[in-house]
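One structure is given below, encoded as structure tokens.
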Amino acid sequence: MATFVVLVAAILTAISTVETSGGVSSGARPARVRRQTGELRQEIPAEFTQIYQGSVFNGTEDIYRYTYMQNESSPRAIRVEVKSEGATEDYPLLFVVRQQRGILSWQVPLMIRGIYGYDKVSRTLCPMDHLQVGVKDEKETVYLEVSAASPTALNYRVNATILTDFILSTGQPRNFLVSPSQPQYYAYKMPPDLDMVVVKVSSPNSLCAVFSLQPIKCPVYDLDRNIEFVGIYQTFMKKAAITVQRSYFPNGEFYVVVVVKATDADCTGEMETIQPAYPSEEAFEMRRVKEVNVVVGPSITDSQYVTAVFVGILVFVLFYVVTFMVLFIQWIRQRNAELEGLAPRPEEQGGFQITQPASNAEAPINAQRTEPNYGATATDPYTMGEQPAETKPGIPPTDQPNGPPIPPNPPPPRPAQPKSYPKPPMVHTLSDSSMEDDIDMLDDADEDKDIYRTKTFLYVADLARKDHRHLSQKYNLYSWNLLTISVFYALPVIQLVITYQKMLNTTGNEDICYYNFFCAQPAGDLTAFNNVYSNIGYIMLGVLILILVYRRDYTHQKKVDAGDRYAIDYGIPKHFGLFYAIGIALVMEGVMSGCYHVCPNYSNFQFDTSFMYIIGGLGMLKLYQTRHPDINANAYAAYASLAIVIFVAVIGVVFGTPYFWAIFTIVYVLAILALTAQVYYMGRWRLDMGIFHRMYLLIRTDCLQCSKPMYWDRFVLLLVGNIINWSLALFGAVAQPDDFASFMLAIFIINFLLYFVFYIVMKLRSGERILWVTVGLIIITLICWTLALSFFFKGVTTWEKTPAQSRLDNKDCVLMGFYDDHDIWHFMSAISMFCSFLVLLMLDDDLDYTPRDKIPVF
């Protein structure tokens, strides 16, 4: 059999001459390699840039010997290009390159993922240790062996060239073409004055490719099947970037490797139709050729890095400085006023007001109405014993039990004489509605609530009848429960994101996390320290809110202990539990957002949004509690509701199918209707078997027989709220946005803004004032929110898409070469939320000396 194979080989080559053309001219005409009769193995001296043509079959082998001088001052690499149109997967051509200390082999056709075959392959040979210091100029010899197992001769073409521009220079771009069978890589060495560089790649087309940085050692993994074996890598379409510290690679040296994927599935997430395995035309291979531009540029210096970090924290330290200066000035003024025997009143501070307050106890928003006053007056039947004289309309309060009368709105008691006002006795009511929920279950308590909460005109005194100490304990549960929730929520989150970061550092797969790679500033094991650090504003300003709330709480408690009746019976009832909870939530938003940005991705998005829901919910509850202290939701119900919201948000992101949107829309609308009834009837609405009969009576009395609703102001708020929320529900059902978490957050924000605007309008319409300092804070808050949202909507990443698609939104740093648009969103949103909560804290300071039976409920 062997004799027969040799005979066939001799017949096929009989027409060829014995002469070889190894090393002929370097012209463009290919040199034909001719085999001597009966010769199975031949070695051919070859020259670079010369194209050689030959053929091999089973039992034969062609060996090309290339010799060149390696220059230490200018290291070079060899690139080999081969092509064969007759080779098949069953009988491929085998190419083996032997170097001094390494071997590289491949076949033609080159099979990518076992499906796509390419008959043209180009590979760059690994230059052994040529970038290391101390390697002398020496002569190098490279052998290229061509063989096949085919029974028939397979033609091929081979060409080898020396890459004189193999080393990348800092700041100088390099353009080249790559394809799945023709990867490219270049070497880079950091200059001594640089400790960190940014490697950026870009392309005019959107073919899916992989961009990798690998240490200077052989072999170099430059094919689709092995490029992920070592180093750091990313998939990309039009652009990508990797920030490299000197410590990442020995001596700051690495290879920049780029190869195109056989399909775009890894970049788009969509499977493509399988192409023919062996196309006969070159058009197929040209479809996957990608033009790439690579540039290695310097990152920020260590001094710029430290300066950016210091400035970031300094901005929020200034908030502390300014706040304490204002508090100190306020303390000085208060002390001087005490020494002069005169305390400032809110009226002296001025404020914004559009109507004059009503002079009687009638509803300030409609003073001309002749309905009797149903507020907390001396003739109300629910007081037990003698009502204190200072709370009886028409009877001036006195400084002492038998002292002379003082005006209806007297100046506050002088702090220098805190004992001039005896501590008023605790007022007990005949109704058990002043007690807690366990006693409220009595029927007579329910009937009593029905009397006072369903009146046409309500005042704060009507909804502030429960014991103040019990209510304070109830609202303090908001902060303690949230603190407990935060600890149990944060610990596994921190553990998880640290695991993600370690996984990224170990595998080098930067597709795990959705960073803005064009502005990712590493620190230690963190890839994007700037995105984590920029959340410090939430933490620092959250702590500052807690300090300010504690100061108000402490001052108010001192007045109550001193028997100051203005602190006890005047103004909006002071409950600070929700404010403490808001401060804790803001701190935890900074912690959780920082955890999320350690490795932002599809799996942990809820870490960044959970406390945003809580902040929005607590803000609405606090605004509602201001004039509804007795009927606000308890902490357990509130947090249970928010947990359901977060759960729905997770389900919406993971299973955002049309079926989910249909169910969500129905539940959303039903929840809107239930909340509308709850707010309209001040909690005196029940969901039971009689609901349909009551709805019939409501439509019959309020809609058909009456020209206007019974509770007009609440009706307007709820009507607008229902229109907006029904519109949101319809938009969600039709558009079905991909980012369901942001859609849910938008619902919270829009409803909070709606209620806040309604509150401001009703406050001014009722003749109340807004202090000028509060007006200034509102203006600052609007400006800050506008700036913050403008940076938020710019968007530098999006985990709803693939990592390669997300990188299309990556942008360069915009502030100090360290912070990107999303970092500025963190700064501005922290400042905006801080100012927003200050507005809530100070919004009703003008009512501190107004009797509660003259403060309307809306």
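Numbering of residues begins at 1 and proceeds along the displayed sequence.
- A distance of 12.0 Å separates CG in Leu463 from CD1 in Ile855, rounded to the nearest 0.5 Å.
- With respect to Phe743, the ring pair (Phe, Tyr, Trp, His ring centres under 6.0 Å) criterion is satisfied by exactly one of Tyr668, Trp661, Tyr613: Trp661.
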Quick one: do Leu618 and Tyr639 satisfy side-chain contact (heavy atoms from CB on, under 4.5 Å)? Show the steps, please.
CA-CA 9 Å; Leu618 292 177; Tyr639 289 133; 4.2 Å; yes
Phe319 and Ile831: side-chain contact (heavy atoms from CB on, under 4.5 Å), yes or no, with the steps?
CA-CA 9 Å; Phe319 277 84; Ile831 296 172; 3.8 Å; yes
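- In this structure, the side chain of Asp608 does not engage the main chain of Tyr596 through any donor-acceptor pair within 3.5 Å.
- Residue Arg852 comes nearest to Pro573 through the heavy atom pair NH2-CA, 3.8 Å, listed as atom of the first residue, atom of the second, then distance.
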Does the pair Phe647 and Ile644 meet the rule for a side-chain contact (heavy atoms from CB on, under 4.5 Å), with working shown?
CA-CA 5 Å; Phe647 175 75; Ile644 293 174; 5.5 Å; no
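- With hydrogens and angles disregarded, a donor-acceptor distance shorter than 3.5 Å links the side chain of Ser832 to the backbone of Cys784.
- Residues Tyr849 and Tyr570 place their aromatic rings such that the two centres sit no closer than 6.0 Å.
- Here salt bridge (Lys or Arg N to Asp or Glu O under 4.0 Å) pairs that include residues 770-781, with residues two or more places apart or in two chains, number zero.
- Listed here is the closest heavy atom pair of Leu843 and Lys763: O-CE, 3.3 Å.
- For Tyr475 (side chain) and Pro629 (main-chain N/O), a donor-acceptor pair under 3.5 Å exists by modelled atom type.
- A heavy-atom distance below 4.5 Å is found between the side chains of His826 and His822.
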Under 3.5 Å, which donor-acceptor pairs do the side chains of residues 537-553 form with other protein atoms, sequence neighbours left out?
unit_1: Tyr538; atom_1: OH; unit_2: Ser829; atom_2: OG; d: 2.4
unit_1: Arg552; atom_1: NH1; unit_2: Leu841; atom_2: O; d: 3.1
unit_1: Arg552; atom_1: NH1; unit_2: Asp845; atom_2: OD1; d: 3.0
unit_1: Arg552; atom_1: NH2; unit_2: Asp845; atom_2: OD2; d: 2.6
unit_1: Asp553; atom_1: OD2; unit_2: Tyr580; atom_2: OH; d: 3.1

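- Inter-residue side-chain proximity for Phe740 and Val648 is flagged as met; some heavy-atom pair is nearer than 4.5 Å.
- Residues satisfying the ring-ring contact (aromatic ring centres under 6.0 Å, His included) test with Phe827, not counting sequence neighbours, are Phe316, Tyr819.
- In terms of modelled atom types and a separation under 3.5 Å, the side chain of Lys466 and the main chain of Ala464 share no donor-acceptor contact.
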Evaluate the criterion side-chain contact (heavy atoms from CB on, under 4.5 Å) for residue pair Ile615 and Met612; output intermediate values, then yes/no.
CA-CA 5 Å; Ile615 290 173; Met612 291 184 182; 5.7 Å; no
Show which side-chain atoms of residues 746-755 pair as donor or acceptor with protein atoms under 3.5 Å away, not counting sequence neighbours.
unit_1: Asn751; atom_1: OD1; unit_2: Asn725; atom_2: ND2; d: 2.8
unit_1: Asn751; atom_1: ND2; unit_2: Asn725; atom_2: OD1; d: 3.0
unit_1: Asn751; atom_1: ND2; unit_2: Ile747; atom_2: O; d: 2.6

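- The shortest non-hydrogen separation linking Tyr489 to Gln606 is OH-O, 3.8 Å.
- The closest donor-acceptor contact from the side chain of Asp846 to the backbone of Glu768 lies at 3.5 Å or more, if one exists at all.
- Within the model, atoms CG of Leu789 and CE of Met828 stand 10.0 Å from one another, a figure rounded to the nearest 0.5 Å.
- Residues Ile584 and Ser479 approach most closely at CD1-O, 3.7 Å, considering heavy atoms.
- Going from atom CZ of Phe792 over to atom CD1 of Ile824 covers 14.5 Å, rounded to the nearest 0.5 Å.
- Minimum interatomic distance between Arg627 and Val857 (heavy atoms only, all atoms of both residues): O-CG2, 3.6 Å.
- Taking CE of Met842 as the start and CZ of Phe837 as the end, the distance is 15.5 Å to the nearest 0.5 Å.
- Under the side-chain hydrogen bond (donor to acceptor under 3.5 Å, both in side chains) criterion, Gln625 pairs with Lys622, sequence neighbours left out.
- With rounding to the nearest 0.5 angstrom, the CD1 atom of Ile778 is 4.5 Å from the CD1 atom of Ile760.
- For the residue pair Ala633 and Leu621, the shortest heavy atom distance occurs at CB-CD2, 4.3 Å.
- Remark: the backbone N or O of Leu847 is not paired with any side-chain donor or acceptor of Asp844 at under 3.5 angstrom.
- The CD1 atom of Ile614 lies 9.5 Å from the CE atom of Met592; values are rounded to the nearest 0.5 Å.
- Classified by interplanar angle (parallel below 30°, tilted 30° to 60°, perpendicular above 60°), the ring pair Trp785/Trp825 is tilted.
- Applying the side-chain hydrogen bond (donor to acceptor under 3.5 Å, both in side chains) criterion to His575, with sequence neighbours excluded, gives Ser472.
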